[in-house]
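One structure is given below, encoded as structure tokens.
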Amino acid sequence: MGILEKIGEIEREISRTQKNKATEYHLGLLKAKLAKYRAQLLEPSKSAGAKGEGFDVMKSGDARVALIGFPSVGKSTFLSLMTATASEAASYEFTTLTCIPGVIEYNGANIQLLDLPGIIEGASQGKGRGRQVIAVARTADVVIMMLDATKGDVQSVCMMLVCSVCMMLVCSVVMLVFCVQPKKGGGLSYNSMVPLTMCSEKLVQLILHEYKIFNAEVLFREDSTPDDFIDVIVGNRVYMPCLYVYNKVDQISIEEVDRLAHEPHSVVISCGMKLNLDYLLERLWEYLALICLYTKKRGERPDFSDAIIMREGACHRIHRTLASQFKYALVWGTSTKFDPQRVGLTHVMEHEDVIQIVKK
């Protein structure tokens, strides 16, 4: 029996098993086996074969955004509209056969946009170069899920199934909620900082034994599900911000447009009529969590022509020699109580602040 048949058999067993206290351990073991087989499915084949063309492109700019979706939903048209790159677009499917990069210039930042080939159901099993598409999408900072507004909600369900193997698409980056630290001996050490309602010590022990882990320290920092626990053990799940973009809204009723626009983490656009593209850029900037900072020399006006792009809440982006010679900084902007305010290295900057660094 192959891996795909084993995965199908376990999924059927999970679907027909009732969920209650008596079956939670059995379901936990089934989910652990399912995650193990899916991880094996993602491993590259060891059989020798002809070396294919490279699929990924070099990362550049201040952030990377991956554009994925089914064939003929408007990904290439969107790339051509938002960047200076011309991507071939046609009325037939699979017009794009490789990764095509472009650059969006917004708020002084260079955002790399990747137009990936259309994926189909079964992409996680390698159909339609699905593994390469998902592998490139995992390297992005944000995923734009392009959907066809004329095809209903079934599309988004299928896209979640496509990416369920190796990516978790969420509205924001999820922090690690527990720690699994293998050790040489001493058995299992189980601790939690909050009351647990979905994971018990016995279930955690059964899941760890399934992965041949018999000695470990487990620490839960919040109430989590067995699926979250398995994801941390396997280590191949990537939590990524995702923005659902519904294209071709000019072909549906205004009531349907209003319904889709009020869906969580969703934006409605029309590439054909160039509708709502500005709002999409605003939402994309929000999901990327980027800020612009401007520098100022003593006795001179701020330089607004060359912004420093960095993440919200990130550590300072200054040269190591400048950090060692840092005395204090003067900051103008929304992060201060008055202008200018004298701050230290721990000060958190905000969007469009102006900074002047004073050395020792």
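Note that the numbering runs from 1 along the sequence shown for the chain.
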What's the verdict on side-chain contact (heavy atoms from CB on, under 4.5 Å) for Leu29 and Ile207, showing C-alpha distance, side-chain angles and the deciding distance? CA-CA 6 Å; Leu29 283 177; Ile207 293 175; 5.5 Å; no
When you look at Met145 and Leu147, which way does the side-chain contact (heavy atoms from CB on, under 4.5 Å) test go after all the steps? CA-CA 6 Å; Met145 189 82 71; Leu147 302 171; 4.1 Å; yes
Derivation and outcome, side chain to side chain donor-acceptor pair (under 3.5 Å), residues Asp115 and Ser76: CA-CA 6 Å; Asp115 179 18; Ser76 299; 2.9 Å; yes
Could you please spell out the steps behind the salt bridge (charged side-chain N to carboxylate O under 4.0 Å, His left out) verdict for Arg64 and Asp141? CA-CA 5 Å; Arg64 169 179 278 197; Asp141 299 303; over 6 Å; no
Worked verdict on Ile269 versus Val249 for side-chain contact (heavy atoms from CB on, under 4.5 Å): CA-CA 6 Å; Ile269 66 168; Val249 294; 5.8 Å; no
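Not counting sequence neighbours, the partners of Thr23 by the side chain to side chain donor-acceptor pair (under 3.5 Å) test are Asn20. Residues satisfying the salt bridge (charged side-chain N to carboxylate O under 4.0 Å, His left out) test with Lys31, not counting sequence neighbours, are Asp227. When the salt bridge (charged side-chain N to carboxylate O under 4.0 Å, His left out) test is applied to Lys296, no partner is found at least two apart in sequence or on another chain. When the ring-ring contact (aromatic ring centres under 6.0 Å, His included) test is applied to Tyr279, no partner is found at least two apart in sequence or on another chain.
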Using residues 339-355 as the side-chain source, report each donor-acceptor pair under 3.5 Å to any protein atom, sequence neighbours left out, with the distance given to one decimal.
unit_1 : atom_1 : unit_2 : atom_2 : d
Asp339 : OD1    : Gly333 : N      : 3.2
Asp339 : OD1    : Thr336 : OG1    : 2.9
Gln341 : OE1    : Lys337 : N      : 2.8
His347 : NE2    : Ser335 : OG     : 3.0
Glu350 : OE1    : Thr334 : OG1    : 2.6
His351 : ND1    : Cys292 : N      : 3.1
Asp353 : OD1    : Thr334 : N      : 3.2
Asp353 : OD2    : Ser335 : OG     : 2.5
Asp353 : OD2    : Glu350 : N      : 2.9

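Residue pairs meeting the ring-ring contact (aromatic ring centres under 6.0 Å, His included) criterion with at least one member in residues 188-211, sequence neighbours excluded: Tyr190-Phe220, His209-Phe214.
The cluster map of Ile, Leu, Val, Met, Phe, Trp and Tyr, joined by side-chain heavy atoms under 4.5 Å apart, puts Phe78 and Met273 in different clusters. No path of Ile, Leu, Val, Met, Phe, Trp and Tyr side chains, each step under 4.5 Å between heavy atoms, connects Val103 with Val136, placing them in separate hydrophobic clusters. Both Leu113 and Ile309 are part of a single hydrophobic cluster, where members link through side-chain heavy atoms under 4.5 Å apart. Both Ile111 and Leu281 are part of a single hydrophobic cluster, where members link through side-chain heavy atoms under 4.5 Å apart. Cluster membership check: Tyr294 does not share its hydrophobic cluster with Trp285, using side-chain heavy-atom separations under 4.5 Å among Ile, Leu, Val, Met, Phe, Trp and Tyr.
Counting heavy atoms of neighbouring residues, nucleotides and ligands inside a 6.0 Å radius, atom CE of Met193 does not exceed 12 of them. Lys248 NZ: more than 12 foreign heavy atoms inside a 6.0 Å radius. More than 12 non-hydrogen atoms from other residues, nucleotides or ligands lie less than 6.0 angstrom from CD of Glu300.
Side-chain atoms of Ile100 and Leu79, non-hydrogen and from C-beta on, do get closer than 4.5 Å to each other. Between Met146 and Ile68 the shortest side-chain heavy-atom distance does not fall below 4.5 Å. Using a 4.5 Å cut-off on side-chain heavy atoms (C-beta onward), Gln356 and Lys297 make no contact. Considering only heavy atoms from C-beta on, Lys274 comes within 4.5 Å of Leu277 through its side chain. Residues Glu255 and Val257 form no side-chain contact, since every pair of their non-hydrogen atoms from C-beta on lies 4.5 Å or further apart. The shortest side-chain heavy-atom distance between Arg298 and Val358 falls under the 4.5 Å cut-off. Between Val218 and Leu208 there is a side-chain heavy-atom pair separated by less than 4.5 Å. Contact annotation: the side chain of Ile291 approaches that of Met310 to within less than 4.5 Å [non-hydrogen atoms, C-beta and beyond].
Ionic pairing of Arg259 and Glu256 is present here: one or more N-O contacts between side-chain nitrogen and carboxylate oxygen are shorter than 4.0 angstrom.
To the nearest 0.5 Å, the span separating CD1 on Ile10 from NZ on Lys6 amounts to 8.5 Å. Rounded to the nearest 0.5 angstrom, Asn215 CG and Leu188 CG are separated by 8.5 Å. Leu330 CG to Ile357 CD1: the interatomic distance, rounded to the nearest 0.5 Å, is 10.5 Å. To the nearest 0.5 Å, atom CD1 of residue Ile213 and atom CD of residue Gln205 are 12.5 Å apart. The structure places CD of Gln18 at 10.5 Å from CG of Leu27, a figure rounded to the nearest 0.5 Å. Between Thr83 atom OG1 and Gln112 atom CD the span is 11.0 Å, to the nearest 0.5 Å.
Residue Lys360 comes nearest to Phe326 through the heavy atom pair CE-O, 3.3 Å, listed as atom of the first residue, atom of the second, then distance. For Ser72 against Asp148, the heavy-atom pair with the smallest separation is O-OD2, 4.4 Å. Nearest heavy-atom pair across Ser270 and Asp250 is OG-OD1, 2.8 Å. Of all heavy-atom pairs between Leu116 and Ala66, the closest is CD1-CB, 4.2 Å. Closest of all the heavy-atom pairs between Glu210 and Ala32 is CG-CB, 3.9 Å. The heavy-atom pair separating Asp62 from Arg311 by the smallest distance is O-NH2, 4.2 Å.
A side-chain contact (heavy atoms from CB on, under 4.5 Å) with Leu243 is found for one member of Leu288, Val65, Leu280 and no other, namely Leu280.
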